[in-house]
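Values reported hereafter were calculated over all heavy atoms of this structure, with side chains retained and with hydrogens, waters and symmetry mates removed.
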Amino acid sequence: MTNAACPIPQSRYSRIVLGHGSGGRLSQDLLEHVFLPAFSGETLARREDHALLPAPTEPGARLAFTTDAFVVSPLFFPGGDIGRLAVCGTVNDLCVGGAIPQFLSAAFVLEEGLLLEDLKRIVTSMAATCREAGVEVVAGDTKVVEKGKADGVFITTSGVGVVPAGRELSISGVRPGDALLVSGPIGDHGVAILSVREGIDFETTLLSDCAPLVSLTRALLETSSDIRCMRDPTRGGLSGVLHDIAQRSGVGVLIDEALVPVRPEVRAASEMLGLDPLYIACEGRLVLAAAPTIAERLLRAMRAHPLGQGAALIGHAVAEHPKMVRMRSRIGGERVVPMLSGEQLPRIC
C-alpha cells in the first residue's frame, strides 16, 4: 500500500495566508473558526448571500442606513481596537440621527501574514461591542491581499436602524439662540492613538473614548423630543461638527473656550505636537443642539449617564456672523475657528 499525501492545505494556520481569501476550504475555515462563533445569530447562520430583515411595522417609521470604512493604525490602542471602533463608528452615526440601530454588515480586508490570534481578538471585540450596542451582524465578506498591500486589516461596516414615527433630527434645523452641548471631554481618542504612535507617556493612562452611544441618545430623546440635532465629532473633531451646523443651518456659532472640556493630558500633548483639540476626533462623544429652554434639563440627563458625566454647555447658535464659527478666548476677545484644511491626524479611524 502506498501512502499518498493529500494536496489540500492544512485547515489551521497561525497567520492569514492568501488561501484564506480564495473562497475555498480555508475561507470556510476562517468563517467557521473566527467569524460565526463571534457573530452568532439566526440570520448569519443561514449563510445566504443576503440578509432578510424585518421592515418597520410602525406607521410613519423609516429605515436609516449608513456605511463607513476603518483603517486605524495601530490596530490596538488604549481603550479600544479597530473592531470596537468599526461597530461604534457605524452605530453612532445611526443613533445620533435618532435611529434605533439594529443590524450591521462587516467586510474585512486582511493582509497576508496577519496573526490569526490578532484577528480573533478583533472579532471578539466587535462581537462584545455589538452586544453592548444591541445590534446584530447579519452579513459579511472577507478578502485577503498580499503582504505589504494593507496594514494588517481594514474593516468596512454598514448599519441599518429604525427611526420612530414623528422623530425628526436635522443639522439644518438649528436656530439662533439654540444651546450647544458636548457630552464629554474632546480629543481623547485621537491623542490616545498618538500616544502609542509617538511614544508619549502620561502620568495616568489616557484611554480612547470609543463607545456606542445608543443608551445615551435614548436617554436624551426620552428627556425631550425637542432636540434639534445630534452629531458625533469624529474626523474634523468638534470644529467639524460646529462648521456643519453653521453651514447647513445658516446660523453663526459662538463657543466659549473656557467651557469646552479638554483633559489636561490631551491639552499638553496637543501643545507638544502643535495640534488643536478642537480638530481631534472623538469616537464616543456627541454634540447636541437644542432650544435654550431645555438645555439645562438635557445637560442634567447627560451628566446622569456614564457616557456623559463630563458634559458641558459650550456655546450657542447666534444670528450674527452667519455660517461662521467663532470662539470667545480665555483671555477675552473672539477669534474665528477656521474649517480644518487637510488631514491633521491620518489613520485614527
Undergrad: Applying the side chain to side chain contact (heavy atoms under 4.5 Å, CB included) test to Val153, which of Ile16, Leu110, Val72 qualifies?
TA: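 In the set Ile16, Leu110, Val72, the residue that makes a side chain to side chain contact (heavy atoms under 4.5 Å, CB included) with Val153 is Leu110.
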
Undergrad: Do Val260 and Val287 sit in the same hydrophobic cluster, where Ile, Leu, Val, Met, Phe, Trp and Tyr count as joined when their side-chain heavy atoms come under 4.5 Å apart?
TA: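 They do share one cluster, since a chain of ILVMFWY contacts under 4.5 Å joins Val260 to Val287.
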
Undergrad: In this structure, are over 12 heavy atoms from other groups packed under 6.0 Å from Arg248 atom CZ?
TA: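 Atom CZ in Arg248 is not crowded, with 12 or fewer foreign heavy atoms closer than 6.0 Å.
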
Undergrad: Test side-chain contact (heavy atoms from CB on, under 4.5 Å) on Lys323 and Gln247; report intermediate values, then the result.
TA: CA-CA 5 Å; Lys323 298 189 176 184; Gln247 292 292 323; 3.8 Å; yes

Undergrad: State, to 0.1 Å, how close Leu169 and Leu221 come at their nearest heavy-atom pair, and which atoms those are.
TA: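 For Leu169 versus Leu221, the nearest heavy atoms are CD1-CD2, 4.3 Å.
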
Undergrad: When you measure from the side chain of His316 to the backbone of Val318, do you find a donor-acceptor pair of N or O atoms at a distance under 3.5 Å?
TA: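 Such a contact is absent between His316 side chain and Val318 backbone.
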
Undergrad: Of all the heavy-atom pairs spanning Ala192 and Pro78, show the shortest one and how long it is.
TA: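 Residues Ala192 and Pro78, closest heavy atoms: O-CD, 3.7 Å.
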
Undergrad: Arg326 vs Glu320, test: side-chain contact (heavy atoms from CB on, under 4.5 Å). Steps then yes/no.
TA: CA-CA 10 Å; Arg326 298 183 66 88; Glu320 297 78 23; over 6 Å; no

Undergrad: How close do Cys88 and Ala211 get, counting heavy atoms only, and between which atoms?
TA: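 That would be SG-C, 3.3 Å.
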
Undergrad: When hydrophobic residues are tied together by side-chain contacts of less than 4.5 Å, even through go-betweens, does Tyr279 share a cluster with Val262?
TA: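 Per the 4.5 Å side-chain linkage, Tyr279 and Val262 are co-clustered.
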
Undergrad: With a 4.5 Å cut-off on side-chain heavy-atom distances among I, L, V, M, F, W and Y, is there a chain of contacts connecting Val96 to Ile186?
TA: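 Unlinked, Val96 and Ile186 end up in two clusters.
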
Undergrad: Quick check for you: to the nearest 0.5 Å, what is the distance between Ile294 atom CD1 and Leu220 atom CG?
TA: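 Here the interatomic distance stands at 10.0 Å.
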
Undergrad: Do the side chain of Glu111 and the main chain of Gly148 share a donor and acceptor less than 3.5 angstrom apart?
TA: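 Yes, Glu111 side chain to Gly148 backbone: donor-acceptor pair under 3.5 Å.
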
Undergrad: Please check this pair: side chain of Asp209 against backbone of Glu283, looking for a donor-acceptor N/O pair closer than 3.5 Å.
TA: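 Yes; at least one donor-acceptor contact below 3.5 Å.
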
Undergrad: Locate the shortest heavy-atom distance separating Phe154 from Val71; write the atom from each residue and the value.
TA: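 That closest heavy-atom pairing would be CD2-CG1, 3.7 Å.
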
Undergrad: Hey, what do you get for CD (Glu146) to CD (Glu112), rounding to the nearest 0.5 Å?
TA: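 Going from CD on Glu146 over to CD on Glu112, the span is 7.0 Å.
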
Undergrad: Are the side chains of Ser14 and Glu117 in contact, using a 4.5 Å heavy-atom criterion?
TA: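 Contact flag for Glu117/Ser14 side chains = no.
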
Undergrad: Once you round to the nearest 0.5 Å, how far does CZ of Arg328 lie from CG of Asp256?
TA: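 Result: 5.5 Å between the selected atoms.
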
Undergrad: I'd like to know if the side chain of Gln102 and the backbone of Gly161 have a donor-acceptor N/O pair within less than 3.5 Å.
TA: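 Not confirmed, Gln102 side chain does not pair with Gly161 backbone.
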
Undergrad: Donor-acceptor check, side chain of Glu257 to backbone of Arg330, threshold 3.5 angstrom: yes or no?
TA: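 It does hold such a pair.
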
Undergrad: Kindly assign one of parallel, tilted or perpendicular to the pair Phe35 and Phe108, based on the angle between their ring planes and the thresholds 30° and 60°.
TA: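 Judged by the thresholds at 30° and 60°, the geometry between Phe35 and Phe108 is tilted.
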
Undergrad: Can you tell me how far the NE2 atom of His33 sits from the CG atom of Leu119, to the nearest 0.5 Å?
TA: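 Reported value, rounded in 0.5 Å steps: 13.5 Å.
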
Undergrad: Can any side-chain N or O of Ser125 pair as donor or acceptor with the backbone N or O of Arg121 at less than 3.5 Å?
TA: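 Judged by distance alone, no pair lies under 3.5 Å.
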
Undergrad: Taking the side chain as every heavy atom from C-beta outward, state whether Ser270 and Ile280 have any atom pair closer than 4.5 Å.
TA: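 Yes; the side chains approach each other to less than 4.5 Å.
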
Undergrad: Check the pair Val174 / Val253 against side-chain contact (heavy atoms from CB on, under 4.5 Å), numbers first and verdict last.
TA: CA-CA 10 Å; Val174 180; Val253 167; over 6 Å; no

Undergrad: Keeping the roles fixed (side chain from Ser183, backbone from Leu286), state whether a donor-acceptor pair exists under 3.5 Å.
TA: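 Yes; judged by distance alone, with no hydrogens or angles, the pair exists.
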
Undergrad: Measuring only between side-chain heavy atoms, which start at C-beta, is Leu238 closer than 4.5 Å to Leu242?
TA: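 They are in side-chain contact.
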
Undergrad: Is the shortest side-chain heavy-atom distance between Leu213 and Met230 below 4.5 Å?
TA: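 No. Closest side-chain heavy atoms not under 4.5 Å.
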
Undergrad: Atom CG in Leu313, atom CD in Glu296: separation rounded to 0.5 Å?
TA: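 The distance works out to 6.5 Å.
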
Undergrad: Answer yes or no: is there a side-chain heavy-atom contact under 4.5 Å between Met126 and Thr157?
TA: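 Of all side-chain heavy-atom pairs linking Thr157 with Met126, at least one is under 4.5 Å.
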
Undergrad: Report whether Phe76 and Val191 are members of the same hydrophobic cluster (ILVMFWY, side-chain heavy atoms less than 4.5 Å apart, transitive linking).
TA: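 Per the 4.5 Å side-chain linkage, Phe76 and Val191 are co-clustered.
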
Undergrad: Could you pull out the closest heavy-atom pair between Arg285 and Arg263, with the gap in Å?
TA: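 Closest heavy-atom pair between Arg285 and Arg263: NH2-NH2, 3.6 Å.
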
Undergrad: Does some side-chain heavy atom of Val137 sit less than 4.5 Å from a side-chain heavy atom of Cys130?
TA: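 SC-SC contact between Cys130 and Val137 confirmed.
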
Undergrad: Go through the steps to decide whether Glu32 and Arg25 satisfy the test salt bridge (charged side-chain N to carboxylate O under 4.0 Å, His left out), and finish with yes or no.
TA: CA-CA 10 Å; Glu32 292 172 1; Arg25 180 168 177 172; over 6 Å; no

Undergrad: Donor-acceptor check, side chain of His189 to backbone of Cys349, threshold 3.5 angstrom: yes or no?
TA: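 Not a single qualifying donor-acceptor pair exists.
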
Undergrad: Would a single hydrophobic cluster contain both Ile171 and Ile314, if residues Ile, Leu, Val, Met, Phe, Trp and Tyr are joined by side-chain heavy-atom contacts under 4.5 Å?
TA: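 Yes, same cluster.
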
Undergrad: At what distance, to the nearest 0.5 angstrom, does CG of Leu206 lie from CD of Glu265?
TA: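 One finds 5.0 Å between CG of Leu206 and CD of Glu265.
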
Undergrad: I'd like to check His20 versus Thr142 (side-chain heavy atoms, cut-off strictly below 4.5 Å). Are they in contact?
TA: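 No; the side chains remain at least 4.5 Å from each other.
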
Undergrad: Just checking Arg175: does its CZ atom have more than 12 heavy atoms from other residues, nucleotides or ligands closer to it than 6.0 angstrom?
TA: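 No, not enclosed.
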
Undergrad: Report the C-alpha distance between Phe70 and Thr90 in whole Å, list the side-chain angles of each, state the deciding distance to 0.1 Å, and finish with yes or no for side-chain contact (heavy atoms from CB on, under 4.5 Å).
TA: CA-CA 10 Å; Phe70 299 87; Thr90 300; 4.0 Å; yes

Undergrad: Only one of Thr124, Leu116, Ile122 clears side chain to side chain contact (heavy atoms under 4.5 Å, CB included) with Val34; which?
TA: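 The passing option is Leu116.
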
Undergrad: State, to 0.1 Å, how close Met302 and Val182 come at their nearest heavy-atom pair, and which atoms those are.
TA: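 Between these two residues, the closest heavy atoms are SD-O, 4.1 Å.
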
Undergrad: Within the distance-only criterion (no hydrogens, no angle test), does the side chain of Arg84 pair as donor or acceptor with the backbone N or O of Cys210 below 3.5 angstrom?
TA: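 Looks like yes, one N/O pair under 3.5 Å.
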
Undergrad: Are any of the side-chain heavy atoms of Val214 and Pro101 separated by less than 4.5 Å?
TA: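 Heavy-atom side-chain distance check passes, below 4.5 Å.
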
